[in-house]
Q: 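Dropping a structure here in structure tokens format, bear with me for questions.
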Amino acid sequence: MASETSTMREGWRASTDPGVYLFHVEGSSRLHEISVNRYRLSVDGGLDREQDRQAFTQSAAYWLDKEHGTPVGGSGEMHVISPTELSRSVTAKEYNVRPEKVGERTLCTDTHSDRAQIKGLVQSSLRRSIPDSRYTFQFLDKVIRRDIEFGGGEYDFGARRKHSLKVHITADGIVLLQVGVGYSLATLSPLNEMITTGEELPSWRVEHNSEVYSNSGTGWLRGWSELHYTDYSNSLGEVIAEYQKGVIDEDVRQELIEENPRLVKVDYGDFTGDQVPRALTLSPRTEQVEEQDWDFHDLFTTRRAMEPDERFDLVDDLVDDLGTLPGLDIEFESNPSNNAFNYVDMREGESRLAYGDGKHASKPSSGLKRHGVYRSPGKYRVGVLFPTNFKEIHQGLIDLIAKTLAQWNAPAGTSGYSYELGSLSEYSDVYQQLRDETDVVIAMVPDKGAADDFPGVEDPYDELKRTLMRQGIPSQMLQKSTAQDIIATSRKAASDQLVNVLSAVIAKAGGTPWQINEMPGETQAFMGLDVTRDQETGQHSGASASIVMRDGSTFAAESTTQQAGEKFVSDQVGEFVRDLVFDFADERDEPLDRLTILRDGKVHEDIEAIREGLSAVDAEIDIVGVRKRDQTRIAEFNGREFRIAQKGVGFVDSDRDQAIVHAFGKPEIDDDNHVGTPRTFRLIKDSGPTDIETLARQSFWLSEIHYGSPARSTRLPVPIKYADQAAKYVSDGYVDPGRVIRGPAYL
């Protein structure tokens with residue numbers, strides 16, 4: 001089988017022309033029209049109001065598929081479709097569901113709504129083509145190969161291949177499969193082999209060992225119990241060994257009765273229970289693996305950063321394992337496919353980025369070092385805050401800052417100010433010692449977590465950032481180890497870390513480190529919309545950030561607000577846009593005629609409602625979703641193997657108003673760089689007058705303008721990046737909800 005797979009692989013490599021390719025594979029049959037039956041989902045007793053109807057529909061489709069052995073897909077809320085008859089009821093989310101036929105229809109791939117329904121049928125069929133003997137999965141975004149790929153032996157952990165499968169249907173009916181490749185951590189040893197009885201237990205997250213224990217569960221270790229396995233438990237009302245009869249492997253249970261090990265306490269969230277270590281494994285979380293087995297963590301980190309050729313070999317393996325899609329008679333071919341997409345070189349052999357005296361460079365870091373900044377802030381002052389016990393490094397850093405800014409033709413007055421490490425209240429008035437004319441602050445702080453080792457000392461990062469922000473003073477935070485690295489590596493030339501810090505300082509002081517010359521298209525302003533979520537509180541924070549002017553310079557029209565959920569309220573988006581349009585006209589003394597709204601992720605908002613709210617605005621508006629997670633990779637094939645592609649290339653599907661942009665690659669990284677295969681982002685145009693190819697070109701150049709990160713591309717258009725940062729400022733408490741952040745302070 002291995003030699004057969006190798007032969008097939010060499011076959012397509014020999015027949016594939018050199019060039020840049022998407023990591024898509026193509027289905028063997030084209031779908032033009034599909035005849036389906038449509039069913040309404042009838043729920044006994046009705047569905048509770050709090051149930052998400054869309055999620056429920058998907059769950060019901062899944063179980064109807066399982067029960068009938070035929071593809072089933074969603075067709076709007078509480079409706080499903082299938083190419084064959086559905087007759088039997090199923091249980092979905094604890095509800096009894098009956099499919100009631102409401103009609104028949106023919107789906108065509110040339111319309112967006114029909115493609116979405118056909119996609120559901122293909123996904124349903126794809127699930128059944130994955131061999132259970134080799135893979136385990138519940139959803140297509142996490143298909144795990146059963147075999148351990150590496151690890152074991154001297155390691156406590158192992159890794160399995162992990163795939164995410166996404167189906168794309170082109171406008172002319174071609175089925176494309178996007179196969180994501182990664183690795184999933186696996187714990188190979190039960191907890192009893194990783195701890196010693198009586199010794200202090202770490203606060204690890206653990207889960208039930210599925211090899212010996214039938215009940216699933218996760219929780220946190222909370223120390224040793226006073227009980228042993230054969231003791232009577234008051235909370236259970238019986239002997240623990242008897243309680244576990246029937247849920248733990250009987251041979252293992254008998255061994256445990258004989259050994260009678262001491263139990264551990266596990267906090268399951270709702271209760272804290274006593275559990276035998278043999279029935280637990282360490283949850284394979286990256287930070288816990290790092291703590292327990294650094295060597296394997298290092299191996300795992302290295303192996304998962306796959307170079308393009310290895311990545312596509314693993315795509316090959318997964319595709320070779322897939323069977324024919326039942327009910328659709330489609331097979332996937334291993335060779336890469338650009339079908340339906342047109343290749344676009346957005347750099348066109350030259351850089352549009354301008355630096356000092358209007359000179360150009362291939363990337364921002366070299367441009368700043370060779371030519372200096374495009375425009376200096378003028379006369380400005382930089383304050384450097386440092387803890388009193390950092391005195392040995394502060395003067396060297398100040399001298400280096402002053403020297404480098406002068407070399408970049410952006411000289412600044414620099415002054416140092418010390419502060420005492422202590423309680424949060426001691427940081428709140430540090431700003432008072434700054435000179436009145438201080439325009440921007442570089443604040444040195446201890447490394448993350450370092451303050452925890454000293455009694456009475458709290459980390460100053462958040463409080464300094466918040467206090468300076470409230471005083472209207474932009475700040476650039478700098479950890480001690482980073483400052484030391486900057487000094488050590490900048491003796492010959494400015495380090496990349498210093499370039500990052502000082503480019504942000506110049507922008508925050510009102511300068512322009514570099515700009516875009518001759519932006520493609522007619523758009524005058526780009527507004528980013530993002531929603532971020534605080535993991536602890538669950539609160540959503542919304543933000544709009546704007547890069548106005550075709551040169552990429554920032555504009556003082558940043559709005560933030562608390563959100564009830566993932567969606568912006570449509571009239572709130574209208575308010576953002578109206579403020580921007582009128583502020584632009586006031587400050588620029590010219591009308592804003594063309595605007596592009598870049599929404600992070602899927603555009604959830606009611607587009608028509610937004611447009612209605614903007615009816616009084618005399619401007620043409622594009623609305624574009626920017627998908628940044630798990631998008632199709634891009635690589636260059638040289639006739640033998642895949643290599644890292646040049647940044648600034650991409651693919652456009654005009655029929656579906658989609659584009660995939662490769663904004664990070666050569667020259668920042670080379671083929672042997674450990675970062676692996678660069679990620680991409682996808683643009684989906686929802687509405688507007690600008691064509692998708694122009695939007696893709698604009699988005700690439702906007703990804704090249706992120707001040708504060710000139711050493712390496714940020715992969716995202718900066719309106720999105722800045723919106724995300726501003727929203728985070730709200731959720732972190734640096735600024736109050738509803739406050740307008742003026743200027744580039746949020747960089």
Side-chain angles (χ1 to χ4, degrees), residues 344-378 408-410 499-500 502-504 506-507 509-528 545-556 584 587-590 592-596 598 622 624 646-650 659 661-668 683 690-691 693-722 743-744 747:
V344 177
D345 178 3
M346 287 161 277
R347 293 180 68 87
E348 300 173 306
E350 63 180 1
S351 175
R352 295 178 185 266
L353 304 182
Y355 304 87
D357 294 330
K359 294 181 179 178
H360 293 255
S362 62
K363 56 182 180 177
S365 58
S366 57
L368 289 172
K369 293 174 184 178
R370 294 173 188 167
H371 310 304
V373 302
Y374 181 83
R375 185 175 63 245
S376 170
W408 291 0
N409 298 318
V499 173
N500 288 344
L502 294 188
S503 66
I506 290 166
T512 303
W514 65 95
Q515 73 163 25
I516 304 170
N517 275 359
E518 299 181 4
M519 172 69 88
E522 301 175 18
T523 307
Q524 297 163 277
F526 301 87
M527 185 174 79
S546 303
I547 292 185
V548 178
M549 305 284 294
R550 297 167 57 78
D551 62 7
S553 56
T554 57
F555 180 68
F584 180 95
E587 295 193 23
R588 298 293 307 165
D589 196 25
E590 62 178 289
L592 179 56
D593 297 321
R594 181 72 73 89
L595 169 70
T596 293
L598 297 168
D622 294 291
V624 182
Q646 293 284 334
K647 69 176 181 178
V649 299
V661 180
H662 181 81
F664 180 46
K666 295 179 180 179
E668 279 91 351
L683 300 177
T690 305
D691 65 273
E693 180 174 331
T694 299
L695 290 168
R697 293 179 183 277
Q698 292 170 340
S699 295
F700 168 69
W701 288 112
L702 289 171
S703 76
E704 287 279 273
I705 203 72
H706 181 45
Y707 308 134
S709 184
R712 183 168 286 181
S713 298
T714 62
R715 308 182 184 93
L716 285 178
V718 287
I720 295 292
K721 187 73 175 177
Y722 291 169
L747 295 180

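Only this structure's heavy atoms are used, side chains among them; waters, hydrogens and symmetry mates stay out.
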Q: So Leu702 and Leu598, do their side chains get closer than 4.5 Å, heavy atoms only?
A: yes
Q: Please report the closest heavy-atom contact between Ser362 and Ser351, naming both atoms and the distance.
A: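 It is CA-CB, 4.4 Å.
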Q: To check you understand the geometry: which heavy-atom pair defines the closest contact between Pro513 and Ser503, and what is its length?
A: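 Reported closest heavy-atom pair: CG-O, 3.4 Å.
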Q: Give a yes or no on whether the backbone of Pro520 and the side-chain of Gln698 come within a donor-acceptor separation of less than 3.5 Å.
A: yes
Q: Would you compute the distance between atom CG of Asn409 and atom CZ of Arg375 and round it to the nearest 0.5 angstrom?
A: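 Here the rounded value is 14.0 Å.
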Q: For the residue pair Glu704 and Trp514, what are the closest heavy atoms and their distance?
A: O-NE1, 3.0 Å
Q: Quick one: salt bridge (charged side-chain N to carboxylate O under 4.0 Å, His left out) partners of Glu348, sequence neighbours excluded?
A: Arg352, Arg697
Q: First locate atom CG of Leu592, then atom CE of Met527, and finally report the distance between them rounded to the nearest 0.5 Å.
A: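 Rounded to the nearest 0.5 Å, the CG-CE separation comes out at 10.5 Å.
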Q: Output yes when a side-chain donor or acceptor of Thr523 lies under 3.5 Å from a complementary backbone atom of Ala525, and no otherwise.
A: no
Q: As an exercise, state the distance from CG of Asp622 to CZ of Phe526, rounded to the nearest 0.5 Å.
A: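 Going from CG on Asp622 over to CZ on Phe526, the span is 9.0 Å.
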Q: Does a side-chain heavy-atom distance below 4.5 Å link Ser366 with His371?
A: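 Heavy-atom side-chain distance check fails, nothing below 4.5 Å.
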Q: Return the CE to OG1 distance between Met346 and Thr694, rounded to the nearest 0.5 Å.
A: 11.5 Å
Q: Can you give me the closest heavy-atom contact between Ile506 and Thr512, atom names plus distance?
A: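 Taking every non-hydrogen atom into account, CG2-N, 4.4 Å.
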Q: Quick one: side-chain hydrogen bond (donor to acceptor under 3.5 Å, both in side chains) partners of Tyr374, sequence neighbours excluded?
A: Gln515
Q: If I compare all heavy atoms of Tyr355 with all of Pro364, which pair ends up nearest, and what's the gap?
A: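 Shortest heavy-atom separation between Tyr355 and Pro364 comes out as OH-CA, 2.9 Å.
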Q: Any idea which heavy atoms bring Trp408 and Leu502 closest together, and the distance?
A: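 Minimum heavy-atom separation between Trp408 and Leu502: CZ3-CB, 3.7 Å.
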Q: Mind telling me whether Tyr722 and His706 have parallel, tilted or perpendicular rings, with 30° and 60° as the class edges?
A: tilted
Q: Can you list the residues that meet the salt bridge (charged side-chain N to carboxylate O under 4.0 Å, His left out) rule with Glu590, with sequence neighbours excluded?
A: Arg588
Q: Between the side chain of Asp357 and the main-chain N/O of Lys359, is any donor-acceptor distance below 3.5 Å?
A: no
Q: Do the side chains of Arg347 and Lys647 get nearer than 4.5 Å, heavy atoms only?
A: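 The answer is yes, as the side chains (C-beta and beyond) meet within the 4.5 Å cut-off.
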Q: Can you name the side-chain hydrogen bond (donor to acceptor under 3.5 Å, both in side chains) partners of Lys369, sequence neighbours left out?
A: none
Q: Has the side chain of His360 got a donor or acceptor atom that lies under 3.5 Å from a matching backbone atom of Leu353?
A: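 Yes; at least one donor-acceptor contact below 3.5 Å.
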Q: With Ser699, which residues qualify under side-chain hydrogen bond (donor to acceptor under 3.5 Å, both in side chains), at least two apart?
A: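 Scan of Ser699 (side-chain hydrogen bond (donor to acceptor under 3.5 Å, both in side chains), adjacent residues dropped) gives none.
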Q: Residues in side-chain hydrogen bond (donor to acceptor under 3.5 Å, both in side chains) with Arg594, at least two apart?
A: Glu522, Glu620, Thr690
